[in-house]
S.K.: 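Below you will find the structure I want to go over with you.
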Number of protein chains: 2
Amino acid sequence: MSQVSIVDIARLAQVSPSTVSRALQGHPRISAERRAAILALAEELGYRPSQVARSLVTGRSHTFGVVVSDVTDPFVAEVLKGAEMAARDASYRLLFAMSNRNPAQEIEAAEALLDYEVDGLIVISSRAPDRYARLPRLRDAGKDHRIPVVLLNHAQVGEFIYSVKMDSESGARMAVSYLSQLGHRRIAFISGPSGGRSSSERLAGYRRAVLEHGLDASPELVIGGAGLLEDGWETLAVLLALKPPPTAVLCYNDLSAIGLLAAAAQMGVPVPDALSVVGYDNIPLSAYTTPPLTTVEQPKDAMGRTAVKVCLRALAGEPATTTVLSGQLVVRSSAAAPPQAQ
Amino acid sequence: MSQVSIVDIARLAQVSPSTVSRALQGHPRISAERRAAILALAEELGYRPSQVARSLVTGRSHTFGVVVSDVTDPFVAEVLKGAEMAARDASYRLLFAMSNRNPAQEIEAAEALLDYEVDGLIVISSRAPDRYARLPRLRDAGKDHRIPVVLLNHAQVGEFIYSVKMDSESGARMAVSYLSQLGHRRIAFISGPSGGRSSSERLAGYRRAVLEHGLDASPELVIGGAGLLEDGWETLAVLLALKPPPTAVLCYNDLSAIGLLAAAAQMGVPVPDALSVVGYDNIPLSAYTTPPLTTVEQPKDAMGRTAVKVCLRALAGEPATTTVLSGQLVVRSSAAAPPQAQ
DNA sequence: TTGTAGGCGTTATCAG
DNA sequence: CTGATAACGCCTACAA
């Protein structure tokens with residue numbers, strides 16, 4: 001036979017399949033010698049239980065679905081890594097899907113993962129957060145069989161839909177305050193994907209800090225973007241076209257900051273001497289840019305790990321709640337005092 | 001009820017479960033009106049077939065396992081993205097696991113994914129390629145039920161173990177030839193993970209080009225590394241300590257090249273004026289470094305897509321073979337003529 | 001064209 | 001402590 005099953009072992013051990021099952025899962029009421037014999041036999045035959053058969057009967061797949069906007073985004077990859085490690089620690093596996101930043105594709109992916117009976121759903125960088133509360137299978141499940149959903153970096157949008165996030169607003173605020181202390185008065189903000197929760201929160205943090213410090217609040221200083229390398233690259237020109245140009249800029253994420261850095265190097269705009277640049281995320285690469293990027297750290301690993309822990313807790317019936325982690329400013333050398341203050 | 005099943009529909013439609021099953025899967029012999037009624041009912045009830053029940057009976061899970069060394073590596077993420085998209089196009093899902101570059105963990109992950117009855121296994125950057133031929137479940141399966149394994153950037157190591165790779169040797173050779181044409185005679189190579197196939201192939205390509213062009217072949221020019229940002233960073237010092245220091249360096253991948261670039265900027269070594277740097281992979285970020293990185297393009301998306309296609313083909317019983325894709329040199333500005341030639 | 005019955009590998013309930 | 005027996009949700013001969 002190609003695959004050894006529990007009945008093969010039962011036959012060879014001269015016991016019933018149920019006894020084998022019990023031995024294998026460490027059931028208390030079974031004689032020690034039988035258990036040892038069965039375990040040895042299973043080992044020898046290279047037996048591995050079928051998770052799908054197990055799922056069918058227990059109703060638990062030991063699987064979480066993860067849908068991400070784009071694995072290629074270092075922030076996303078880092079969070080995914082954290083989630084994978086926490087899942088593995090709990091003997092869970094991850095069913096992976098990508099939305100390509102497309103809301104329809106995201107929901108489609110989520111539904112597909114649900115078809116595989118995932119025990120929970122983790123969504124990194126959702127573009128359609130309010131759709132989850134309306135998914136029939138999430139809505140209509142019996143109280144005891146609800147599938148937890150955790151949204152990363154989004155607010156909680158319904159019961160059984162949890163949220164693990166960083167306090168984006170205060171992150172952005174810290175960055176702007178830092179820039180203000182350095183002497184900058186005219187600070188631009190390159191925003192992230194429009195409609196995105198984290199983008200609007202970071203913008204709010206930026207605005208609040210601008211107000212608090214009495215900085216230039218011209219609306220022209222807020223520039224649209226989508227959190228891509230290209231955004232930063234293209235934005236330098238619009239920054240320079242502003243009159244007067246800002247002396248500092250806070251980017252939605254490190255990716256756009258790196259794009260900006262590249263454009264600045266290309267056009268001969270010295271950073272931080274002529275322009276201070278601050279990123280967001282603290283992806284590994286941000287320490288290796290020229291100059292090294294000052295940025296707001298997001299606890300990416302912890303976010304991923306926490307997301308699976310929230311799922312686990314919800315499944316255990318414990319009261320899981322929305323978690324807000326805090327970040328901090330990582331000062332490197334892409335921001336300094338503005339030119340006129342030197 | 002929490003989940004609608006095929007028998008719920010059958011009851012409501014006053015037919016047998018098998019009829020519903022047939023209607024749902026477009027079985028030919030069924031009256032059009034019944035099918036329409038059943039489909040409508042299913043739609044209305046929000047019915048979604050249980051993939052696990054289906055798997056149990058059909059023996060196919062419509063799932064591929066993907067084990068990667070580290071998602072956080074941009075090359076890996078890019079390949080994974082390609083694989084995800086191809087899988088989705090074929091209505092397949094990906095079960096994801098990470099090995100953290102650890103051989104034991106890699107095999108453990110592969111076995112775990114096999115427990116979920118994945119229909120195929122894709123391994124990106126394997127560190128234990130020869131173990132797969134010995135996995136009982138892969139070895140002992142009936143001829144018609146073998147699970148295809150595809151190794152990325154590794155040679156084929158057994159039957160039913162396929163390989164999708166780039167011609168790493170010629171990639172490295174192209175890079176060194178280019179550097180040679182630029183006038184470099186003393187070119188260093190920072191290697192990748194020891195024991196890794198792609199590292200040894202790239203090294204072979206480097207050596208061959210060195211020979212072909214009659215360049216300096218001192219063994220000290222080959223420096224150990226692991227393909228991480230840190231490697232490049234730390235290697236600059238050893239490069240500079242060489243007498244005389246090389247005028248150019250080919251890095252195992254873009255990550256180490258970027259680390260090297262950062263160290264060079266930090267220590268005031270102008271690139272490419274004092275040192276030419278060439279990377280490998282052409283990750284998106286390589287276009288945004290300072291200076292933009294000259295690198296060897298790997299067809300990452302195609303590699304991921306091809307990997308799932310090979311699985312699909314193997315499952316269909318078609319003769320799948322090892323695929324070798326070709327790359328090309330992407331010339332940007334991190335390499336130029338050596339100082340003395342200027 | 002449709003229904004009946006059996007089974008995929010496992011767990012769980014109930015006897016013994 | 002152990003063994004039948006019945007599910008879990010679906011598919012697929014085989015029978016009607």
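Lettering of chains follows the sequences in order, A, B, ..., and the numbering in each one begins at 1.
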S.K.: What's the CG-P distance between A/L56 and D/dA6, to the nearest Å?
M.R.: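 Interatomic distance, CG of A/L56 to P of D/dA6: 17 Å.
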S.K.: What do you reckon, is CZ of B/R48 surrounded by more than 12 foreign heavy atoms closer than 6.0 Å?
M.R.: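 Yes - once you tally the heavy atoms of other residues, nucleotides and ligands closer than 6.0 Å, there are more than 12.
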S.K.: Need to verify one output field. Residue with the more 5' nearest nucleotide on DNA chain C, B/R35 or B/A53?
M.R.: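 The residue mapped nearer the 5' terminus is B/R35.
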S.K.: Between D/dG9 atom P and B/H62 atom NE2, what is the distance in whole Å?
M.R.: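 After rounding, the reported distance stands at 20 Å.
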S.K.: Within the pair A/S31 and D/dT2, is there a side-chain N or O less than 4.0 Å away from OP1 or OP2?
M.R.: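 So the side chain of A/S31 is within the cut-off, an N or O lying under 4.0 Å from OP1 or OP2 of D/dT2.
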S.K.: Given atom CD of B/Q51 and atom C1' of D/dC10, what is their separation to the nearest angstrom?
M.R.: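 Whole-Å distance recorded here is 11 Å.
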S.K.: Whole Å only: how far is the CZ atom of B/R48 from the P atom of D/dG9?
M.R.: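 B/R48 atom CZ is separated from D/dG9 atom P by 17 Å.
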S.K.: What's the closest nucleotide to the side chain of A/T58 if the choices are D/dT2, D/dG3, C/dT11?
M.R.: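 For A/T58, the side-chain atoms sit closest to C/dT11.
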S.K.: What's the CD1-C1' distance between A/I6 and C/dC8, to the nearest Å?
M.R.: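 Result: 14 Å.
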S.K.: Taking the minimum atom-to-atom distance to the side chain of B/T19, which one of C/dT10, C/dT2, D/dG9 wins?
M.R.: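 Nearest listed nucleotide: C/dT2.
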S.K.: Hey, can you tell me if B/F96 and A/F96 have their rings parallel, tilted or perpendicular (30° and 60° cut-offs)?
M.R.: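 Ring orientation, 0 to 90° scale: tilted.
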S.K.: Below the 4.0 Å mark, does C/dT11 have OP1 or OP2 next to a side-chain nitrogen or oxygen of A/S21?
M.R.: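 Yes, within the criterion.
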S.K.: For B/D115 and A/Q51, indicate whether the former's side chain and the latter's backbone hold a donor-acceptor pair under 3.5 Å.
M.R.: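 Such a contact is absent between B/D115 side chain and A/Q51 backbone.
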S.K.: Return the value, rounded to whole Å, for the distance between atom CD of B/Q14 and atom C1' of C/dG3.
M.R.: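 Rounded to whole Å, this separation is 14 Å.
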S.K.: At under 4.0 Å between heavy atoms, what does A/R22 touch on the DNA or RNA strands: base, sugar-phosphate, or nothing?
M.R.: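 Base contact.
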S.K.: Within the structure shown, what part of the strands sits under 4.0 Å from B/V52 by heavy-atom distance: base, sugar-phosphate, or nothing?
M.R.: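 B/V52: no heavy atom of the nucleic acid under 4.0 Å.
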S.K.: So do B/S163 and B/T323 actually touch side chain to side chain, heavy atoms under 4.5 Å?
M.R.: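 SC-SC contact between B/T323 and B/S163 ruled out.
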S.K.: Checking all strands, does B/P17 fall into the base, sugar-phosphate, or nothing category for heavy-atom contacts under 4.0 angstrom?
M.R.: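 Nothing: the residue B/P17, judged by heavy atoms under 4.0 Å, touches no strand.
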S.K.: Side-chain N or O of B/Y47 versus OP1/OP2 of D/dC10: is the shortest distance under 4.0 Å?
M.R.: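 Yes, such a contact exists.
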S.K.: Establish, with yes or no, whether the OP1 or OP2 oxygen of C/dT10 is under 4.0 angstrom from a side-chain nitrogen or oxygen of A/Q25.
M.R.: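 Answer is no, no contact under 4.0 Å.
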S.K.: Round to a whole Å and report the spacing from CD1 of A/I38 to P of D/dT2.
M.R.: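 In whole Å, D/dT2 P and A/I38 CD1 are 8 Å from each other.
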S.K.: Evaluate the side chain to side chain contact (heavy atoms under 4.5 Å, CB included) criterion for residues B/Q105 and A/R88: first the C-alpha distance (whole Å), next the side-chain angles of each, then the deciding distance (0.1 Å), finally the verdict.
M.R.: CA-CA 11 Å; B/Q105 205 170 312; A/R88 196 162 42 74; 2.9 Å; yes
S.K.: In whole Å, I'd like the distance from the CZ atom of B/R34 to the C1' atom of C/dT2.
M.R.: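 To the nearest whole Å, that distance equals 7 Å.
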S.K.: Mapping B/R54 and A/V57 onto DNA chain D by nearest heavy atom, which one lands closer to the 5' end?
M.R.: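 Nearest-nucleotide comparison on DNA chain D picks A/V57.
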S.K.: Looking only at side-chain atoms of B/I30, point me to the closest of C/dT2, C/dT10, D/dC10.
M.R.: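 Of C/dT2, C/dT10, D/dC10, C/dT2 is nearest to the side chain of B/I30.
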S.K.: Between B/S16 and C/dG3, is there a side-chain N or O to OP1/OP2 distance below 4.0 Å?
M.R.: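 Yes.
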S.K.: Scan A/S18 against the nucleic acid and name what it touches under 4.0 Å (heavy atoms): base, sugar-phosphate only, or nothing.
M.R.: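 Result for A/S18 = base.
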S.K.: OP1 or OP2 of D/dC8 versus the side-chain N and O atoms of A/S55: is any pair under 4.0 Å?
M.R.: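 No, A/S55 has no side-chain N/O under 4.0 Å of OP1/OP2 on D/dC8.
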S.K.: Enumerate donor-acceptor pairs with a distance under 3.5 Å from any side-chain N or O in residues 37-47 of chain B to protein atoms, sequence neighbours excluded.
M.R.:
none

